[in-house]
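Naming convention: chains lettered A, B, ... in sequence-line order (proteins, then strands); numbering from 1 in each chain. Just the heavy atoms: all of them, side chains too, but no hydrogens, waters or symmetry mates, feed the values below.
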Number of protein chains: 2
Amino acid sequence: MGNLLKLFSALSDHNRLRIIAALKEYSDLCACQIVELLGVSGATTSRHLSILLQVGLIDSYKDGRWVHYRLNRASHNYGQVTDWLEDQLYQTATVEKDRYALREIMATDREDICRKQRGEKCCPRKPEDQIKELAHVSS
Amino acid sequence: MGNLLKLFSALSDHNRLRIIAALKEYSDLCACQIVELLGVSGATTSRHLSILLQVGLIDSYKDGRWVHYRLNRASHNYGQVTDWLEDQLYQTATVEKDRYALREIMATDREDICRKQRGEKCCPRKPEDQIKELAHVSS
DNA sequence: TATATAATTAGCTATATATCTAAATATATT
DNA sequence: AATATATTTAGATATATAGCTAATTATATA
C-alpha cells in the first residue's frame with residue numbers, strides 16, 4: 001500500500017506532472033532545462049526530481065556536472081497508469097503552453113541557461129537592478 | 001490538469017484507498033459500515049467519502065437515513081487507472097486484513113453497528129468506562 | 001410537534017508538503 | 001590547490017490536509 005501512496009503522492013503536484021509531460025516530449029532533459037521550464041528555484045526542482053526518482057517514474061545519469069533526467073520505461077509495474085497519464089497530460093492547457101516554452105529552451109545553449117540562472121541567483125529581484133545587471137552582462 | 005491533480009490527491013490517502021478496495025469487494029456499503037471498517041470518526045469518514053464523490057470515483061444514494069456508497073463505473077475516463085489500482089490493492093496486506101474485517105461487518109446488522117458507534121461517541125475513551133459500558137450493552 | 005438517529009459540515013489542531021535561501025557536494029577549470 | 005559551476009541537501013516557513021469534537025442537516029418515529 002505504501003508504494004501506491006508514494007506513487008499517487010508523487011503525481012499530486014502540478015510541477016511534477018509538468019516534468020513528466022516534458023520528459024515525454026523530449027526524452028532527455030537536464031536539470032537546468034527543467035528549472036527553466038518550471039520557473040521555480042533549482043532547489044525546488046531538485047526536490048521534485050528526487051521524488052520522481054524515488055518512486056521510479058524517472059531515472060537520471062550524470063554527464064560531468066550535468067545531470068540528465070529521463071522517463072523510466074523499465075522495472076516498474078505502473079505502465080498502465082503512466083500511459084494513461086501521458087495521454088491525459090498531452091491535452092492540458094498548461095502542458096501545451098509548456099510545449100512552446102520547451103521549444104525555446106531546447107534551442108538555447110545550456111551554458112546560456114545556466115548563466116542566466118546564476119545571474120538571477122546573485123541579484124535581488126529589483127527591476128532597476130535587473131536592467132543594470134543585464135547591461136553589465138551584455139558588456 | 002486540475003482534474004488529474006484532484007484524482008491523484010484523492011488516491012493519496014491510505015483510508016481512501018481502503019474505501020475503494022472495500023467497495024470493490026462489496027459493491028454497496030453504507031457510511032456506518034465504512035466508519036466501522038476504517039476505525040476513524042464518522043466525520044473523518046464522511047470527509048474522505050466526499051473527496052471520492054467529488055472526483056467521481058464513487059457515487060451514493062440515500063435509503064432513508066442511510067447513505068450507501070458504490071464504486072462509480074460510469075461517466076469518468078480513468079477506468080484504466082482504477083482497474084490497475086484495484087488489482088494492486090487486492091494484493092496489499094492492509095486490504096487483505098480489511099477483507100476479514102468486512103466479512104464480520106457485513107454479517108452484523110447495521111442497527112447494531114450504529115448503536116455501537118453511538119455508544120462510543122457519548123462515552124470518553126477510558127478503559128474502565130469502556131468495560132463498564134460493554135457490560136451494560138450486553139445486559 | 002418533539003425526539004431520535006445517520007450522516008454531513010464547521011472549526012480547530014497536529015502533521016505533511018511546496019517553496020525559498022543557504023550550505024554542501026560533485027565535477028571541471030585554472 | 002584554489003576557484004568556478006551544476007546540482008543536491010539542510011533548514012525554515014507558508015500552505016494543505018487528516019483527524020477530532022461539536023454543530024447542523026436530513027430522515028424516521030412517537
(request) May I ask you to evaluate whether His48(B) reaches the phosphate of dT17(D), defined as a side-chain N or O under 4.0 Å from OP1 or OP2? (result) no
(message) Which is more 5' along DNA chain D, the nucleotide nearest Thr44(B) or the one nearest Thr45(A)? Just name the residue.
(response) Thr45(A)
(message) What is the separation between atom CD on Glu36(A) and atom C1' on dT7(D), rounded to the nearest whole Å?
(response) 15 Å
(request) Using a cut-off of strictly less than 4.0 Å, decide whether Arg16(B) has a side-chain nitrogen or oxygen near OP1 or OP2 of dA18(D). (result) yes
(message) Could you check whether atom CD of Glu104(A) has more than 12 heavy atoms from other residues, nucleotides or ligands sitting under 6.0 Å from it?
(response) no
(request) Could you pick out which residue, Val40(A) or Lys62(A), lies toward the 5' side of DNA chain C when each is mapped onto its nearest nucleotide? (result) Val40(A)
(message) Whether Ser41(B) contacts dC20(D) is assessed here as follows: a side-chain N or O lying under 4.0 Å from the phosphate OP1 or OP2. Is that the case?
(response) yes
(message) Students often get this wrong, so: under 4.0 angstrom with heavy atoms, is Ala43(A) touching a base, only sugar-phosphate, or nothing?
(response) base
(request) Verify the neighbour count for atom OH of Tyr90(A): are there more than 12 heavy atoms of other residues, nucleotides or ligands below 6.0 Å? (result) no
(request) Evaluate whether atom OH of Tyr61(A) has more than 12 neighbouring non-hydrogen atoms of other residues, nucleotides or ligands under 6.0 angstrom away. (result) yes
(message) Please report the distance, rounded to the nearest Å, between CG in Asp63(A) and C1' in dT27(C).
(response) 11 Å
(message) Using modelled atom types and a 3.5 Å cut-off, is there a donor and acceptor pairing between side-chain atoms of Glu36(B) and backbone atoms of Ile113(B)?
(response) no
(message) How many whole angstroms separate atom CH2 of Trp66(A) from atom P of dT8(D)?
(response) 12 Å
(request) Rounded to the nearest angstrom, tell me the gap between atom CZ in Arg118(B) and atom C1' in dA28(D). (result) 12 Å
(request) Give the nucleotide from the list dC20(D), dT5(C), dT8(D) with an atom nearest to the side chain of Arg65(B). (result) dT5(C)
(message) Nearest whole Å is fine: how far is dT17(D) C1' from Ile51(B) CD1?
(response) 8 Å
(request) Answer yes or no: does a side-chain N or O of Arg47(B) lie under 4.0 Å from OP1 or OP2 of dG19(D)? (result) no
(message) Rounded to whole Å, how long is the line connecting atom CD of Gln54(A) with atom C1' of dT8(D)?
(response) 14 Å
(request) Check the distance between dT5(D)'s C1' and Gln117(A)'s CD and give it to me in whole angstrom. (result) 12 Å
(message) Expressed as a whole number of angstroms, how long is the span from Ile34(A):CD1 to dA18(C):P?
(response) 17 Å
(request) Classify the nucleic acid contact of Arg110(B) as base, sugar-phosphate or nothing, counting any heavy atom under 4.0 Å across all strands shown. (result) nothing
(message) Between Asn77(B) and Gln88(A), do the side chains contain a donor N or O and an acceptor N or O under 3.5 Å apart?
(response) yes
